[in-house]
Visitor: 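My questions will all concern the structure given below.
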Amino acid sequence: MSTLHDDSNHLRRAFVAARTARAAGDMPFGAVLVRDGQAVWTARNRQHTAGDPSAHAELVLLREACAALGPDALRGATVYASGEPCAMCAGAMFWAGVARIVFGAPLAEMEARLGGPLLGLGCAQTLAAAQPAVTVQGPLLLDEALAALA
């Protein structure tokens, strides 16, 4: 069972990945895959550096972790995202079998700070009718999440 302390620690790893993405010239987003309480993979946004508009941190995480660890590593896992996952990423995590998503900054705050296109449908809304259900929690550590966007 995850605790707020564990959630905070894993989410802070996603913030570190977000700052790494920003330093590399990408949008400031990071994601961490956790199984059985252990972080098993970390990824960052690579849209600009990879020339791939779908290379959001969560999709990079799913692709890399699946290739390295196999698809079973995703099923039942938790993904920690520095920012609220978009509808594309939320759907991909559902199809990968992720059971829980925890995020830092909410969509409205990300849009206010970063601008750009926005699919105004939140992660929880996107997954509201998902079967099996996906637990979505956030925003969490909002001040730290917003600092990671800067």
Visitor: How far apart are the closest heavy atoms of R35 and A77, and which atoms are they?
Guide: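 Reported closest heavy-atom pair: NH1-N, 3.6 Å.
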Visitor: Just to verify, which of Q47, R44, H48 counts as forming a side-chain hydrogen bond (donor to acceptor under 3.5 Å, both in side chains) with D26?
Guide: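 Between D26 and the candidates, side-chain hydrogen bond (donor to acceptor under 3.5 Å, both in side chains) is satisfied uniquely by R44.
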Visitor: Could you tell me whether the side chain of L62 reaches within less than 4.5 Å of the side chain of V98, counting heavy atoms only?
Guide: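 V98 vs L62: side chains touch.
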Visitor: Classify the side-chain pair H10/D6 by whether it contains a donor and acceptor separated by less than 3.5 Å.
Guide: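 Absent: no donor and acceptor within the cut-off.
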Visitor: So which atom in A96 and which in R75 form the shortest heavy-atom distance, rounded to 0.1 Å?
Guide: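 Where A96 meets R75 most closely, the heavy atoms are O-CG, 3.6 Å.
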Visitor: Are any of the side-chain nitrogens in R46 or D52 under 4.0 Å away from the carboxylate oxygens of its partner?
Guide: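 A salt bridge is absent here (no side-chain N lies under 4.0 Å from a carboxylate O).
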Visitor: Show your working on side-chain contact (heavy atoms from CB on, under 4.5 Å) between L141 and F15 and close with a plain yes or no.
Guide: CA-CA 10 Å; L141 303 177; F15 298 157; 4.0 Å; yes
Visitor: Starting from V32, can I reach V16 by hopping between I/L/V/M/F/W/Y residues whose side chains sit under 4.5 Å apart?
Guide: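 Different clusters.
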Visitor: Applying side-chain contact (heavy atoms from CB on, under 4.5 Å) to T78 and L33, what does each step give before you reach the verdict?
Guide: CA-CA 6 Å; T78 298; L33 180 70; over 6 Å; no
Visitor: Please check this pair: side chain of N45 against backbone of P28, looking for a donor-acceptor N/O pair closer than 3.5 Å.
Guide: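 Checked: no pair found.
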Visitor: Please determine whether side-chain contact (heavy atoms from CB on, under 4.5 Å) holds for the pair V102 and V34, giving the CA-CA distance in whole Å, both sets of side-chain angles, and the decisive distance to 0.1 Å.
Guide: CA-CA 11 Å; V102 180; V34 173; over 6 Å; no
Visitor: Does some side-chain heavy atom of Y80 sit less than 4.5 Å from a side-chain heavy atom of R100?
Guide: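 Side-chain contact under 4.5 Å: yes.
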Visitor: State plainly whether one hydrophobic cluster holds both L121 and M93, where clusters connect Ile, Leu, Val, Met, Phe, Trp and Tyr through side-chain heavy atoms under 4.5 angstrom apart.
Guide: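 Cluster IDs for L121 and M93 differ.
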Visitor: Could you tell me if the side chain of L149 sits less than 4.5 Å from the side chain of F29, heavy atoms only?
Guide: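 Side-chain contact under 4.5 Å: yes.
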Visitor: Would you name the heavy atoms of A14 and A81 that are closest together and state the gap between them?
Guide: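 Taking A14 first and A81 second, the nearest heavy atoms are CB-C, 4.2 Å.
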Visitor: Below 4.5 Å, heavy atoms only, C-beta onward: do L59 and M88 meet side chain to side chain?
Guide: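 A side-chain contact under 4.5 Å exists here.
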Visitor: Would you indicate whether the side-chain heavy atoms of W41 and L69 approach each other to under 4.5 Å?
Guide: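 Contact flag for L69/W41 side chains = yes.
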Visitor: Between L61 and T42, is a side-chain contact (heavy atoms from CB on, under 4.5 Å) present by the stated rule, with each step listed?
Guide: CA-CA 6 Å; L61 180 81; T42 301; 5.5 Å; no
Visitor: Inspect the contact between R12 and D7 and indicate whether a charged nitrogen and a carboxylate oxygen are less than 4.0 angstrom apart.
Guide: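 Result for this pair is no, no salt bridge flagged.
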Visitor: Using the side-chain contact (heavy atoms from CB on, under 4.5 Å) definition, which of the options E111, E109, M110 pairs with L107?
Guide: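 With L107 as partner, E111, E109, M110 yield a single side-chain contact (heavy atoms from CB on, under 4.5 Å), made by M110.
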Visitor: With a 4.5 Å cut-off on side-chain heavy atoms, are L11 and S82 touching?
Guide: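 No. Closest side-chain heavy atoms not under 4.5 Å.
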Visitor: Which heavy atom of A55 sits nearest to which heavy atom of V60, and what is that distance?
Guide: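 Answer, listing the atom of A55 first, then V60: O-CG2, 3.6 Å.
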Visitor: Can you check whether F103 reaches V79 side chain to side chain, under 4.5 Å on heavy atoms?
Guide: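 Sidechains of V79 and F103: no contact.
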Visitor: So do the side chains of P139 and E84 get within less than 4.5 Å of each other, counting heavy atoms only?
Guide: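 Counting from C-beta outward, P139 and E84 never come under 4.5 Å.
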Visitor: Which atom pair, heavy atoms only, marks the closest approach of L74 to A65?
Guide: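 Of all heavy-atom pairs spanning L74 and A65, the closest is CD2-CB, 4.0 Å.
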Visitor: Looking only at heavy atoms, which two atoms of A105 and A145 are closest? And how far apart?
Guide: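 Here A105 and A145 meet closest at N-CB, 3.3 Å.
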Visitor: Within the 3.5 Å criterion, strictly below it, is a donor on S54 or R63 matched to an acceptor on the partner's side chain?
Guide: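 R63 and S54 do have a side-chain donor-acceptor pair below 3.5 Å.
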